[in-house]
Engineer: 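Here it is: the structure, laid out below.
Order of the sequence lines fixes the chain letters, A, B, ..., with proteins taken first and strands second; residue numbering starts at 1 for each chain.
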Number of protein chains: 2
Amino acid sequence: MTVIFSKKCEYGLQAVLYLAAQSEREVIPAEEISNKLSIPKEFVSKILQSLTESGIVISRKGKSGGFALAKDPKRIQLIDIVAAIDGLSMFSSCVLGFPHCNPENPCPLHDKWGELRSKAYAMLTDENIDHFRNKTLRKISSL
Amino acid sequence: MTVIFSKKCEYGLQAVLYLAAQSEREVIPAEEISNKLSIPKEFVSKILQSLTESGIVISRKGKSGGFALAKDPKRIQLIDIVAAIDGLSMFSSCVLGFPHCNPENPCPLHDKWGELRSKAYAMLTDENIDHFRNKTLRKISSL
DNA sequence: GATAAATCAGACTAAATTATCCGATATATG
DNA sequence: CATATATCGGATAATTTAGTCTGATTTATC
(Lines give C-alpha, C1' and ligand atoms only; values in the text may rest on other atoms or scores of the structure.)
Protein backbone atom coordinates (compact mmCIF):
# COMPACT_ATOMS: atom_id res chain seq x y z
CA MET A 1 0.00 0.00 0.00
CA THR A 2 0.97 3.58 -0.62
CA VAL A 3 -0.54 6.39 1.33
CA ILE A 4 -0.26 10.11 1.52
CA PHE A 5 -2.44 10.72 4.52
CA SER A 6 -3.63 8.15 7.02
CA LYS A 7 -7.31 7.22 6.87
CA LYS A 8 -7.80 9.17 10.05
CA CYS A 9 -6.35 12.25 8.41
CA GLU A 10 -8.33 11.81 5.19
CA TYR A 11 -11.50 11.56 7.24
CA GLY A 12 -10.49 14.57 9.31
CA LEU A 13 -9.85 16.64 6.20
CA GLN A 14 -13.16 15.58 4.67
CA ALA A 15 -15.07 16.32 7.86
CA VAL A 16 -13.54 19.76 8.34
CA LEU A 17 -14.20 20.63 4.69
CA TYR A 18 -17.75 19.47 5.25
CA LEU A 19 -18.12 21.74 8.26
CA ALA A 20 -16.62 24.63 6.34
CA ALA A 21 -19.14 24.11 3.57
CA GLN A 22 -22.04 24.49 6.04
CA SER A 23 -20.98 27.85 7.36
CA GLU A 24 -24.46 29.24 7.86
CA ARG A 25 -25.56 26.44 10.16
CA GLU A 26 -24.87 25.94 13.82
CA VAL A 27 -23.32 22.68 14.94
CA ILE A 28 -23.54 19.53 12.87
CA PRO A 29 -24.07 16.16 14.53
CA ALA A 30 -21.46 13.48 13.90
CA GLU A 31 -24.17 11.25 12.53
CA GLU A 32 -24.87 13.58 9.63
CA ILE A 33 -21.20 13.76 8.74
CA SER A 34 -20.98 10.00 9.05
CA ASN A 35 -23.89 9.50 6.67
CA LYS A 36 -22.90 12.05 4.08
CA LEU A 37 -19.25 11.08 3.96
CA SER A 38 -19.66 7.34 4.63
CA ILE A 39 -17.34 7.41 7.59
CA PRO A 40 -18.13 5.20 10.60
CA LYS A 41 -19.91 7.46 13.08
CA GLU A 42 -17.89 6.58 16.16
CA PHE A 43 -14.72 7.03 14.17
CA VAL A 44 -15.44 10.45 12.74
CA SER A 45 -16.69 11.43 16.14
CA LYS A 46 -13.38 10.47 17.74
CA ILE A 47 -11.43 12.30 15.05
CA LEU A 48 -13.45 15.47 15.58
CA GLN A 49 -12.96 15.14 19.32
CA SER A 50 -9.23 15.18 18.78
CA LEU A 51 -9.54 18.19 16.48
CA THR A 52 -11.45 19.88 19.29
CA GLU A 53 -8.38 19.52 21.49
CA SER A 54 -6.32 21.01 18.68
CA GLY A 55 -8.57 24.04 18.63
CA ILE A 56 -9.75 23.51 15.07
CA VAL A 57 -13.33 22.56 15.83
CA ILE A 58 -15.64 23.04 18.79
CA SER A 59 -18.29 20.67 20.06
CA ARG A 60 -21.62 21.11 21.78
CA LYS A 61 -22.93 18.23 23.81
CA GLY A 62 -26.49 17.19 24.34
CA LYS A 63 -29.57 17.37 22.20
CA SER A 64 -29.04 19.28 18.96
CA GLY A 65 -25.35 19.21 19.72
CA GLY A 66 -22.60 18.47 17.27
CA PHE A 67 -19.44 19.91 15.81
CA ALA A 68 -18.55 23.18 14.14
CA LEU A 69 -15.43 25.05 13.14
CA ALA A 70 -13.74 26.76 16.05
CA LYS A 71 -12.87 29.82 14.02
CA ASP A 72 -13.34 31.70 10.81
CA PRO A 73 -12.76 29.25 7.92
CA LYS A 74 -10.59 31.92 6.34
CA ARG A 75 -8.18 31.30 9.19
CA ILE A 76 -7.96 27.52 8.85
CA GLN A 77 -5.71 25.80 6.34
CA LEU A 78 -5.60 22.15 5.37
CA ILE A 79 -2.13 21.86 6.84
CA ASP A 80 -3.61 22.58 10.29
CA ILE A 81 -5.64 19.38 10.13
CA VAL A 82 -2.73 17.37 8.76
CA ALA A 83 -0.43 18.72 11.46
CA ALA A 84 -2.96 17.84 14.16
CA ILE A 85 -3.59 14.30 12.97
CA ASP A 86 -0.63 12.94 11.01
CA GLY A 87 2.00 15.43 12.04
CA LEU A 88 4.44 17.11 9.69
CA SER A 89 7.17 14.50 9.66
CA MET A 90 6.59 13.68 5.99
CA PHE A 91 7.81 17.16 5.19
CA SER A 92 11.19 16.46 6.67
CA SER A 93 11.80 12.74 6.36
CA CYS A 94 13.44 10.89 3.49
CA VAL A 95 11.16 9.55 0.80
CA LEU A 96 13.30 6.41 0.52
CA GLY A 97 13.48 5.95 4.28
CA PHE A 98 17.21 6.65 4.56
CA PRO A 99 18.40 8.15 7.84
CA HIS A 100 19.86 11.69 8.04
CA CYS A 101 18.85 12.59 4.52
CA ASN A 102 19.97 16.18 4.10
CA PRO A 103 21.84 18.32 1.58
CA GLU A 104 25.18 17.01 2.90
CA ASN A 105 24.11 13.37 2.73
CA PRO A 106 21.33 13.32 0.18
CA CYS A 107 19.58 10.20 -0.99
CA PRO A 108 19.34 9.74 -4.76
CA LEU A 109 15.91 11.39 -4.83
CA HIS A 110 16.62 14.12 -2.32
CA ASP A 111 16.40 17.13 -4.63
CA LYS A 112 13.52 15.98 -6.79
CA TRP A 113 11.48 14.92 -3.83
CA GLY A 114 12.32 18.11 -1.97
CA GLU A 115 10.72 20.12 -4.76
CA LEU A 116 7.60 18.01 -4.83
CA ARG A 117 7.30 18.08 -1.09
CA SER A 118 7.47 21.87 -1.08
CA LYS A 119 4.70 22.00 -3.64
CA ALA A 120 2.63 19.57 -1.60
CA TYR A 121 3.18 21.77 1.42
CA ALA A 122 2.15 24.81 -0.59
CA MET A 123 -0.99 22.98 -1.72
CA LEU A 124 -1.95 22.62 1.94
CA THR A 125 -1.01 26.12 3.04
CA ASP A 126 -1.65 28.49 0.17
CA GLU A 127 -5.41 28.51 0.53
CA ASN A 128 -7.67 28.63 3.54
CA ILE A 129 -10.55 26.18 3.75
CA ASP A 130 -13.13 28.84 2.98
CA HIS A 131 -11.59 28.94 -0.48
CA PHE A 132 -12.61 25.31 -0.98
CA ARG A 133 -16.24 25.86 0.00
CA ASN A 134 -17.86 25.67 -3.42
CA LYS A 135 -15.69 22.85 -4.61
CA THR A 136 -16.53 20.90 -1.48
CA LEU A 137 -20.25 21.52 -1.90
CA ARG A 138 -20.07 20.28 -5.45
CA LYS A 139 -18.15 17.18 -4.47
CA ILE A 140 -20.44 16.38 -1.55
CA SER A 141 -23.54 16.68 -3.68
CA SER A 142 -22.09 14.06 -6.02
CA LEU A 143 -21.61 11.45 -3.31
CA MET B 1 1.47 9.12 10.48
CA THR B 2 1.94 10.12 6.87
CA VAL B 3 3.64 7.84 4.43
CA ILE B 4 4.60 7.87 0.82
CA PHE B 5 5.85 4.33 0.52
CA SER B 6 5.30 1.49 2.95
CA LYS B 7 8.35 0.40 4.96
CA LYS B 8 8.49 -2.70 2.85
CA CYS B 9 8.68 -0.58 -0.28
CA GLU B 10 11.27 1.81 1.18
CA TYR B 11 13.42 -1.18 2.08
CA GLY B 12 12.87 -2.70 -1.33
CA LEU B 13 13.93 0.50 -3.07
CA GLN B 14 17.00 0.84 -0.85
CA ALA B 15 18.00 -2.77 -1.41
CA VAL B 16 17.61 -2.61 -5.18
CA LEU B 17 19.58 0.63 -5.33
CA TYR B 18 22.21 -1.10 -3.22
CA LEU B 19 22.40 -3.99 -5.67
CA ALA B 20 22.57 -1.58 -8.59
CA ALA B 21 25.48 0.21 -6.96
CA GLN B 22 27.48 -3.06 -6.75
CA SER B 23 27.28 -3.83 -10.44
CA GLU B 24 30.69 -5.40 -10.77
CA ARG B 25 30.07 -8.01 -8.08
CA GLU B 26 28.19 -11.27 -8.33
CA VAL B 27 25.38 -11.94 -5.90
CA ILE B 28 25.18 -10.13 -2.56
CA PRO B 29 24.07 -12.01 0.56
CA ALA B 30 21.02 -10.65 2.39
CA GLU B 31 23.12 -10.30 5.51
CA GLU B 32 25.37 -7.70 3.90
CA ILE B 33 22.39 -5.67 2.74
CA SER B 34 20.87 -6.01 6.17
CA ASN B 35 24.04 -4.73 7.84
CA LYS B 36 24.75 -1.89 5.47
CA LEU B 37 21.19 -0.60 5.31
CA SER B 38 20.13 -1.47 8.88
CA ILE B 39 17.19 -3.54 7.72
CA PRO B 40 16.29 -6.71 9.65
CA LYS B 41 17.89 -9.56 7.72
CA GLU B 42 14.87 -11.83 7.53
CA PHE B 43 12.75 -8.91 6.43
CA VAL B 44 14.95 -7.70 3.60
CA SER B 45 15.37 -11.29 2.60
CA LYS B 46 11.60 -11.72 2.29
CA ILE B 47 11.28 -8.52 0.33
CA LEU B 48 13.98 -9.57 -2.10
CA GLN B 49 12.33 -12.96 -2.46
CA SER B 50 9.15 -11.24 -3.55
CA LEU B 51 11.10 -9.08 -5.99
CA THR B 52 12.53 -12.29 -7.38
CA GLU B 53 9.02 -13.39 -8.27
CA SER B 54 8.48 -10.02 -9.91
CA GLY B 55 11.53 -10.60 -12.09
CA ILE B 56 13.46 -7.62 -10.77
CA VAL B 57 16.15 -9.55 -8.89
CA ILE B 58 17.49 -13.06 -9.04
CA SER B 59 18.73 -15.18 -6.20
CA ARG B 60 21.36 -17.85 -5.84
CA LYS B 61 20.97 -20.34 -3.02
CA GLY B 62 23.66 -22.05 -1.03
CA LYS B 63 27.09 -20.98 0.07
CA SER B 64 28.24 -17.69 -1.46
CA GLY B 65 24.68 -17.23 -2.64
CA GLY B 66 22.69 -14.05 -2.44
CA PHE B 67 20.75 -11.60 -4.56
CA ALA B 68 21.51 -9.60 -7.68
CA LEU B 69 19.62 -7.60 -10.26
CA ALA B 70 17.80 -9.76 -12.77
CA LYS B 71 18.61 -7.46 -15.66
CA ASP B 72 20.62 -4.51 -16.84
CA PRO B 73 20.17 -1.68 -14.30
CA LYS B 74 19.59 0.60 -17.29
CA ARG B 75 16.35 -1.33 -17.81
CA ILE B 76 15.02 -1.05 -14.26
CA GLN B 77 13.17 2.01 -12.98
CA LEU B 78 12.17 2.85 -9.44
CA ILE B 79 8.51 2.58 -10.40
CA ASP B 80 9.06 -1.13 -11.09
CA ILE B 81 9.87 -1.75 -7.45
CA VAL B 82 7.01 0.43 -6.25
CA ALA B 83 4.57 -1.32 -8.57
CA ALA B 84 5.75 -4.73 -7.35
CA ILE B 85 5.50 -3.92 -3.66
CA ASP B 86 2.99 -1.14 -2.99
CA GLY B 87 1.16 -1.15 -6.27
CA LEU B 88 0.23 1.91 -8.29
CA SER B 89 -3.07 2.77 -6.63
CA MET B 90 -1.71 6.02 -5.22
CA PHE B 91 -1.41 7.27 -8.77
CA SER B 92 -5.12 6.96 -9.33
CA SER B 93 -6.79 7.36 -5.96
CA CYS B 94 -8.01 10.56 -4.33
CA VAL B 95 -5.60 12.34 -2.03
CA LEU B 96 -8.46 13.21 0.32
CA GLY B 97 -9.90 9.71 0.20
CA PHE B 98 -13.09 10.69 -1.61
CA PRO B 99 -14.65 8.02 -3.81
CA HIS B 100 -14.88 8.45 -7.61
CA CYS B 101 -12.59 11.43 -7.71
CA ASN B 102 -12.28 12.31 -11.39
CA PRO B 103 -12.50 15.37 -13.62
CA GLU B 104 -16.31 15.20 -13.56
CA ASN B 105 -16.51 14.89 -9.77
CA PRO B 106 -13.25 16.37 -8.56
CA CYS B 107 -12.36 16.80 -4.92
CA PRO B 108 -11.17 20.26 -3.92
CA LEU B 109 -7.54 19.26 -4.44
CA HIS B 110 -8.03 17.21 -7.57
CA ASP B 111 -6.15 19.41 -10.04
CA LYS B 112 -3.30 20.46 -7.81
CA TRP B 113 -2.73 16.96 -6.59
CA GLY B 114 -2.99 15.59 -10.10
CA GLU B 115 -0.05 17.72 -11.13
CA LEU B 116 2.06 16.71 -8.18
CA ARG B 117 1.23 13.08 -8.65
CA SER B 118 2.34 13.23 -12.27
CA LYS B 119 5.61 14.73 -11.21
CA ALA B 120 6.04 12.06 -8.56
CA TYR B 121 5.37 9.45 -11.21
CA ALA B 122 7.91 11.09 -13.48
CA MET B 123 10.44 11.07 -10.66
CA LEU B 124 10.10 7.28 -10.53
CA THR B 125 10.05 6.67 -14.26
CA ASP B 126 12.28 9.24 -15.94
CA GLU B 127 15.56 7.68 -14.86
CA ASN B 128 16.71 4.09 -14.69
CA ILE B 129 18.41 2.89 -11.54
CA ASP B 130 21.83 2.86 -13.15
CA HIS B 131 21.52 6.64 -13.26
CA PHE B 132 21.40 6.67 -9.45
CA ARG B 133 24.54 4.58 -9.02
CA ASN B 134 26.95 7.27 -7.89
CA LYS B 135 24.43 9.02 -5.70
CA THR B 136 23.60 5.73 -4.05
CA LEU B 137 27.27 4.92 -3.46
CA ARG B 138 27.78 8.30 -1.86
CA LYS B 139 24.74 7.90 0.35
CA ILE B 140 25.64 4.37 1.40
CA SER B 141 29.16 5.39 2.34
CA SER B 142 27.70 7.99 4.71
CA LEU B 143 25.61 5.49 6.67
C1' DG C 1 30.99 -36.89 1.62
C1' DA C 2 30.96 -33.44 5.40
C1' DT C 3 30.51 -28.81 6.49
C1' DA C 4 29.32 -24.13 6.23
C1' DA C 5 26.75 -20.49 4.36
C1' DA C 6 23.19 -19.05 1.99
C1' DT C 7 18.07 -18.77 0.19
C1' DC C 8 13.26 -20.53 0.65
C1' DA C 9 8.84 -21.27 2.75
C1' DG C 10 5.60 -20.89 6.00
C1' DA C 11 4.00 -20.20 10.48
C1' DC C 12 4.16 -17.15 14.02
C1' DT C 13 4.50 -12.74 16.86
C1' DA C 14 4.37 -7.75 17.57
C1' DA C 15 2.90 -3.25 16.71
C1' DA C 16 0.24 0.14 14.55
C1' DT C 17 -3.89 1.49 12.43
C1' DT C 18 -8.69 1.31 11.88
C1' DA C 19 -13.02 0.59 13.81
C1' DT C 20 -16.65 -0.57 17.35
C1' DC C 21 -19.03 -0.68 21.80
C1' DC C 22 -20.77 1.04 25.95
C1' DG C 23 -21.62 3.76 29.90
C1' DA C 24 -21.42 8.50 31.56
C1' DT C 25 -22.53 13.15 31.01
C1' DA C 26 -24.45 17.21 28.98
C1' DT C 27 -28.33 19.84 27.04
C1' DA C 28 -32.57 21.23 24.30
C1' DT C 29 -37.28 20.67 24.53
C1' DG C 30 -41.87 19.53 26.10
C1' DC D 1 -38.57 17.05 35.75
C1' DA D 2 -38.53 13.53 32.05
C1' DT D 3 -37.00 12.33 27.69
C1' DA D 4 -34.46 12.21 23.61
C1' DT D 5 -30.28 13.18 21.43
C1' DA D 6 -25.79 14.46 21.44
C1' DT D 7 -20.68 14.33 22.78
C1' DC D 8 -17.05 12.25 25.85
C1' DG D 9 -13.95 8.77 27.40
C1' DG D 10 -12.19 4.49 27.87
C1' DA D 11 -11.99 -0.26 26.74
C1' DT D 12 -11.89 -3.53 23.28
C1' DA D 13 -11.90 -5.80 18.69
C1' DA D 14 -10.43 -6.36 13.92
C1' DT D 15 -7.32 -5.62 10.32
C1' DT D 16 -3.11 -4.48 8.23
C1' DT D 17 1.71 -3.87 8.39
C1' DA D 18 6.11 -4.97 10.26
C1' DG D 19 9.17 -8.14 11.89
C1' DT D 20 10.82 -12.87 13.80
C1' DC D 21 11.69 -17.75 14.06
C1' DT D 22 12.54 -22.25 12.49
C1' DG D 23 13.35 -25.98 9.59
C1' DA D 24 14.24 -27.41 4.87
C1' DT D 25 16.90 -27.12 0.81
C1' DT D 26 20.61 -25.68 -2.07
C1' DT D 27 25.42 -25.12 -3.24
C1' DA D 28 30.59 -23.98 -2.75
C1' DT D 29 34.49 -25.66 -0.74
C1' DC D 30 37.57 -28.62 1.71
Side-chain angles (χ1 to χ4, degrees), chain A residues 1-15 19 22 25-35 37-54 56-70 82 84-87 89-90 97, chain B residues 1-15 19 22 25-54 56-70 82 84-87 89-90 93 97:
Chain A
M1 211 225 338
T2 311
V3 161
I4 302 302
F5 302 126
S6 67
K7 265 239 153 306
K8 219 180 251 180
C9 191
E10 286 181 0
Y11 289 160
L13 288 163
Q14 290 185 20
L19 293 177
Q22 317 291 322
R25 299 170 62 194
E26 304 255 299
V27 298
I28 313 286
E31 183 148 34
E32 174 180 333
I33 302 174
S34 163
N35 289 333
L37 301 178
S38 308
I39 306 173
K41 183 185 150 203
E42 326 283 346
F43 201 29
V44 75
S45 182
K46 272 233 145 44
I47 293 166
L48 288 168
Q49 276 169 43
S50 84
L51 290 177
T52 300
E53 288 167 25
S54 309
I56 294 168
V57 307
I58 50 133
S59 69
R60 202 165 69 197
K61 294 172 90 172
K63 189 166 181 176
S64 76
F67 295 93
L69 297 182
V82 174
I85 299 178
D86 277 347
S89 63
M90 80 152 291
Chain B
M1 210 227 335
T2 310
V3 160
I4 302 302
F5 302 126
S6 67
K7 269 256 155 285
K8 218 180 251 181
C9 192
E10 285 180 2
Y11 289 159
L13 288 164
Q14 289 184 21
L19 292 178
Q22 316 291 322
R25 299 170 61 195
E26 303 256 303
V27 298
I28 313 287
E31 182 147 35
E32 174 181 331
I33 302 174
S34 164
N35 289 334
K36 293 287 174 57
L37 300 177
S38 307
I39 305 173
K41 180 185 154 205
E42 325 284 344
F43 201 28
V44 76
S45 184
K46 270 233 146 41
I47 294 165
L48 287 169
Q49 275 169 42
S50 82
L51 290 177
T52 299
E53 289 168 23
S54 310
I56 295 168
V57 308
I58 49 133
S59 69
R60 202 166 68 198
K61 295 172 89 173
K63 187 163 182 178
S64 76
F67 296 92
L69 297 182
V82 174
I85 300 177
D86 276 348
S89 63
M90 81 152 291
S93 63

Engineer: Listed by chain and number, what are the side chain to side chain contact (heavy atoms under 4.5 Å, CB included) partners of B/Lys7, not counting sequence neighbours?
Structural biologist: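 Side chain to side chain contact (heavy atoms under 4.5 Å, CB included) check on B/Lys7 returns B/Glu10, B/Tyr11.
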Engineer: Just how far is it from atom CD1 of B/Ile4 to atom CG of B/Asp86, taken to the nearest 0.5 Å?
Structural biologist: 10.5 Å
Engineer: Taking all atoms of both residues into account, what is the closest heavy-atom pair of B/Val27 and B/Ala68, and its distance?
Structural biologist: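 For B/Val27 versus B/Ala68, the nearest heavy atoms are CG1-CB, 4.0 Å.
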Engineer: Closer than 4.0 Å, any side-chain N/O of B/Tyr11 to the OP1 or OP2 of D/dA18?
Structural biologist: no
Engineer: Closest approach of B/Ala84 and B/Leu51, non-hydrogen atoms and distance?
Structural biologist: CB-CD2, 3.9 Å
Engineer: Expressed in angstrom and rounded to an integer, what is the separation of B/Phe5 atom CZ from D/dT16 atom P?
Structural biologist: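 So the CZ-P distance, B/Phe5 to D/dT16, works out to 22 Å.
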Engineer: Taking side-chain hydrogen bond (donor to acceptor under 3.5 Å, both in side chains) as the definition, give me every residue that meets it alongside A/Ser34, ordered by chain and number, with sequence neighbours left out.
Structural biologist: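 Expected list: none.
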Engineer: Extract from the structure each pairing of a protein N or O with an N or O of nucleotides 28-30 of chain D at less than 3.5 Å, listing the distance.
Structural biologist:
none

Engineer: Give the residues of residues 37-47 of chain B touching DNA chain C, defined as any heavy atom closer than 4.0 Å, sorted by residue number.
Structural biologist: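 The stretch gives B/Lys46 as the residues lying under 4.0 Å from the strand, ordered by number.
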Engineer: Does B/Thr52 have any side chain to side chain contact (heavy atoms under 4.5 Å, CB included) partners at least two apart in sequence or in another chain, and if so, which?
Structural biologist: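 Residues passing side chain to side chain contact (heavy atoms under 4.5 Å, CB included) with B/Thr52: B/Val57, B/Ser59, B/Phe67.
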Engineer: Any salt bridge (charged side-chain N to carboxylate O under 4.0 Å, His left out) involving residues 59-69 of chain A? Give me the pairs, sequence neighbours left out, ordered by first then second residue.
Structural biologist: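 For residues 59-69 of chain A: A/Glu26-A/Arg60.
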Engineer: Return a table of donor-acceptor pairs under 3.5 angstrom between the side chains of residues 41-48 of chain A and protein atoms on other chains or two or more places apart.
Structural biologist:
none

Engineer: To the nearest angstrom, how far is B/Gln49 atom CD from D/dA18 atom C1'?
Structural biologist: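 From B/Gln49 CD to D/dA18 C1': 16 Å.
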Engineer: B/Glu53 has an atom CD; how far is it from atom C1' of C/dT7, in whole Å?
Structural biologist: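 For the pair B/Glu53 CD and C/dT7 C1', the rounded distance is 13 Å.
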Engineer: Polar-atom pairs under 3.5 Å, protein N or O versus N or O of nucleotides 14-16 of chain C: list them with distances, or write none.
Structural biologist:
none

Engineer: Provide, to the nearest angstrom, the distance between the CG atom belonging to B/Leu51 and the C1' atom belonging to C/dT7.
Structural biologist: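 So the CG-C1' distance, B/Leu51 to C/dT7, works out to 15 Å.
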Engineer: B/Glu10 has an atom CD; how far is it from atom P of D/dA18, in whole Å?
Structural biologist: 9 Å
Engineer: Just verifying a value: how many Å separate A/Leu19 CG and A/Ile33 CD1, rounded to the nearest 0.5 Å?
Structural biologist: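 With rounding to 0.5 Å, CG (A/Leu19) is 4.5 Å from CD1 (A/Ile33).
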Engineer: In this structure, how many angstroms lie between the C1' atom of D/dT5 and the CZ atom of A/Phe67, rounded?
Structural biologist: 13 Å
Engineer: What is the distance from CD1 of B/Ile85 to P of D/dG19, rounded to the nearest Å?
Structural biologist: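 One finds 13 Å between P of D/dG19 and CD1 of B/Ile85, rounded.
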Engineer: Can you tell me how far CG of B/Leu37 sits from CG of B/Asn35, rounded to the nearest 0.5 angstrom?
Structural biologist: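 Rounded to the nearest 0.5 Å, the CG-CG separation comes to 9.5 Å.
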Engineer: Rounded to whole Å, how long is the line connecting atom CD1 of B/Ile58 with atom P of D/dT27?
Structural biologist: 13 Å
Engineer: For B/Lys36, what residues pass the side chain to side chain contact (heavy atoms under 4.5 Å, CB included) criterion, not counting sequence neighbours?
Structural biologist: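 For B/Lys36, the residues satisfying side chain to side chain contact (heavy atoms under 4.5 Å, CB included) (neighbours in sequence not counted) are B/Tyr18, B/Glu32.
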Engineer: Regarding A/Ser6, tell me which of base, sugar-phosphate or nothing describes its non-hydrogen contacts under 4.0 Å with the strands shown.
Structural biologist: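 Touches sugar-phosphate only.
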